[in-house]
Structures are given as structure tokens and as C-alpha cells.
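Have a look at the structure below, then the notes.
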Number of protein chains: 2
Amino acid sequence: MSRRPRSAFPSPDHDHRGCSASAIARAETLCASRKLRFTAIRRAVLKAVWQSHSPVGAYDILAKLNAKGADHAPMAVYRALDFLLENGFIHRISSQNAFIGCPHPETEHDSQLLICRRCGTVAEIDSAPVTRALKAAAPGFAIEQRTIEISGVCPHCRSGAHA
Amino acid sequence: MSRRPRSAFPSPDHDHRGCSASAIARAETLCASRKLRFTAIRRAVLKAVWQSHSPVGAYDILAKLNAKGADHAPMAVYRALDFLLENGFIHRISSQNAFIGCPHPETEHDSQLLICRRCGTVAEIDSAPVTRALKAAAPGFAIEQRTIEISGVCPHCRSGAHA
DNA sequence: TTGGCGACGTTATAACGTAACATTATTGGA
DNA sequence: TCCAATAATGTTACGTTATAACGTCGCCAA
Ligand SMILES: [Zn+2]
Ligand SMILES: [Zn+2]
Ligand SMILES: [Zn+2]
Ligand SMILES: [Zn+2]
């Protein structure tokens, strides 16, 4: 059994290298078990997405890759993003034309994204009550996909450092 | 007292000219009472958005305007859209880079958009339970804006005409 | 009547995303 | 092993969505 985190928001001063490294390690494992090819560019794009807990744009990723000496075209990045999206390793944030790493790609799940407008941090939650309420609010409508992106101010930004 | 509609989805064969005309008339009235300038291009863009209950893209609007002899640049359309968004006459559908008319701009409200992938019709609902569930699911997070876009198949497309 | 301001025009460009086709890599079977 | 099928990537070109910057026009109020 895993402990439930007090908040879905990572602390601003947590050691993020762990997040990134573990996300990539898990993707590696998952791809192996699912017979998916976790190629170099897919790994590099996933790593770029996980550079922080903030949304990252496709061209930011492209710039990051090419800054390291590569010379990729946008297509290469978009293809890798498509792979990562289809297999649940990342989520798209439509309201920002950007992408964020999924913290638990092992299982299919709904997600509601909480986006802090101050620090940019995104927290992913999966609230069954929200899903139920939506279903109840749309009688007769066969729900297939949900885009739920909530902007506001995260607990860390509310309590501390209101510079 | 107004009757509660059985469904938020307009019937496929309703008389839509009424929707469009009444939306524009209400915008006119509201702008007057709020001392907002409902200029010709703003009216034309609102009318283009209300051409149907499906999302309309900015460049579709531009094309529609220019097809009638005008010669507007994209900026003109985006500025009108900004005005209409800020004043609640339309909503943005982020997941489709498009816009939809708001059926009740008189009052501020939350909205959850139900989008039929078959016929393209969008229904706007405002479910208090959904809003409450979201708030409860994000303790400590100060919600400011919600982007809730649900795709699926609407009641009309489910029941009839599965050609 | 004129100054301030909001709206609009105009030009250019940034930012985001995809089509189409060639080439290379991987894999599994003959 | 070698081949054929398939998956992934490279490459070029283009389509779509959105904004920056600055000039002009017109309204209204001091
Ligand atoms: Zn982290
Ligand atoms: Zn924050
Ligand atoms: Zn209608
Ligand atoms: Zn429908």
C-alpha cells in the first residue's frame, strides 16, 4: 500500500531529479513489458517533458534537444509526443498547447489537471466524485474523452513567498 | 419561470435562426446596458460564431466575413473574439482551437462543454455538483478558471440516424 | 476644439502542427 | 543467415492558429 500524498502538488524545493529519473525508468520498464519501443528520441522527449512539473511546449522540447547538438525537425518531436500520449506517459494541456508528464502511467485513469498560474506547477488528480458528477450532469451523453484543466493558485504559492 | 430543457442539446432540426437572432439581440441589449460598444465587426463575428451549435475557428470566421466582401486581417477577428470572450458572449474550446456562442451571457457562470464527435454539436451545462466536486478534489488550491470539455456522442446521435 | 482613449487597419512575424514521401532500423520468419 | 514486412525516423514543405507593433480614425467629454 502506498501512502496518500497530502497534496498532489510537489513541494517547490523537492529533489526533482528523482521525479524525472523515476519517470523515465518506469517508462522504460513499461515499454519493455508492453513490447513498445522506447527509442532514443522518445526517451529524450520524455526527459524534456519531465524537466519540471510545468507544462512544456513542443518547440521548447525541440529547442532543448537541438541545444544538445541534435538537429531535429518539429515532426520528430511531434511523433514522439504522439507516442507518449497514446501510451499514457504524458498528458496534453490544451489550454496551453503544452505537455506534462503523467505521474502514474502504469494504469489507465481519468485526470484532472490543476495548474498554478504563479509557479506553473501542474498537479494531476483523479477524483472519482468529479467523474461521477460529470456523468450525472450529462444524462444521455456518452462520454468518451475529458479535458479538465483548472487554473488557480497552488497551496505552496498561497501560503509562502508572496513576494 | 422557464421550463428546464430535457437536454442541453438542441434538437438537430430545431429552427436555428431563432437561436442566432436572439443571441445577437441579447448581446445588443447587454452591451447597451453595460456601456460596451457592440460594433459592426463584433456583431459580425458573433453572428459567425452563432452560425451553428458547433465550434467555429477564427479563420473560418475570417473567411466567412471576407466572403461577404469585407477584407479583414486575422487581427480584426481575434480582437473581436477577445471582446466577446471577455464579456462572456462566447466561450473558447481549447481542445479544438475554436469558439462557441454562450447561450446565457446575462450572468456569470461556470460552464462545462459537452461536444458531440458525430454531429459536432456543443451543449453548455453548468452543474453545481461538478463545480463542488472539483473544489472538494483540490483542497488548498484556489480555483480561478476552469476548462472542462467533454467529448462523446450526444443523445440525438445515439438514438437516431446511425447511418 | 482638442486631447485622450478605445476601436480598427495594416504589416509582419511568431508559434503551433501536419502532409507526403524517402530512408533507415528492427524484427521475425524462410 | 538473409529477406521481406513493418516500424521508426529523416526531410522538405506547407498549413493553421495567434500575436506584436505601430499608425489611423472617430467618438466623447473637458
Ligand atoms: Zn518533481
Ligand atoms: Zn504554485
Ligand atoms: Zn440553434
Ligand atoms: Zn451529436
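A, B, ... follow the sequence lines: proteins, then strands. Residue 1 opens every chain. These values consider heavy atoms only, across backbone and side chains, with no hydrogens, waters or symmetry-generated copies.
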Does a nitrogen or oxygen in the side chain of A:N97 sit under 4.0 Å from OP1 or OP2 of D:dT17? no

Heavy atoms only: give me the nearest B:I148-B:S111 pair and the separation to one decimal. CB-O, 4.2 Å

Please examine the side chains of B:C102 and B:H109, heavy atoms only from C-beta on, and report whether any two atoms are closer than 4.5 Å. yes

Would you kindly give the CZ-to-P distance between B:F38 and C:dC8, to the nearest whole Å? 11 Å

Between D:dA18 atom P and B:L85 atom CG, what is the distance in whole Å? 10 Å

Spacing between A:M75 atom CE and C:dG17 atom P, to the nearest angstrom: 12 Å

B:F83 or A:R37: which one's nearest nucleotide on DNA chain C is closer to the 5' end? B:F83

Exam field: side chain A:R42 to backbone A:R37, donor-acceptor pair closer than 3.5 Å: yes

Which of these nucleotides, D:dT9, C:dC8, D:dT19, is closest to any side-chain atom of B:Y78? D:dT19

Would you say the side chain of A:R79 and the base of D:dG10 hold a donor-acceptor pair, judged only by whether the two atoms sit under 3.5 Å apart? yes

With the side chain defined as heavy atoms from C-beta on, B:F99 is closest, among D:dA18, D:dA7, D:dT9, to D:dA18

If you look at every strand shown and take non-hydrogen atoms under 4.0 Å, does A:R92 touch a base, only sugar-phosphate, or nothing? sugar-phosphate

Quick one: B:E86 CD to C:dA7 C1', roughly how many Å, whole number? 13 Å

Under a 3.5 Å distance rule, please check whether A:R158 uses its side chain to pair with a backbone N or O of B:G140 as donor and acceptor. yes

Checking the side chain of B:R43 only, and the main-chain atoms of B:A27 only, is there a donor and an acceptor separated by less than 3.5 Å? no

Please tabulate, for the side chains in residues 76-87 of chain A, all donor-acceptor contacts under 3.5 angstrom to protein atoms that are two or more places apart in sequence or on a different chain.
| unit_1 | atom_1 | unit_2 | atom_2 | d |
| --- | --- | --- | --- | --- |
| A:N87 | ND2 | A:F83 | O | 2.9 |

Here the distance between atom P of D:dA8 and atom CG of A:L84, to the nearest Å, is 12 Å

With side chain to side chain donor-acceptor pair (under 3.5 Å) as the rule and sequence neighbours excluded, what pairs involving residues 45-57 of chain B come up? B:H14-B:H53, B:H16-B:H53

Send over the distance from B:K35 NZ to D:dC28 P, rounded to a whole Å. 12 Å

Grab the CD-P distance between A:Q96 and D:dT19 for me, whole Å please. 13 Å

Nearest-Å distance for atom pair CG/P, residues B:D82 and D:dA20: 10 Å

Among residues 52-74 of chain B, which ones have heavy-atom contacts with DNA chain C below 4.0 Å? B:H72, B:A73

From the candidates D:dG10, C:dG9, D:dT17, the one with an atom nearest any side-chain atom of A:A76 is D:dG10

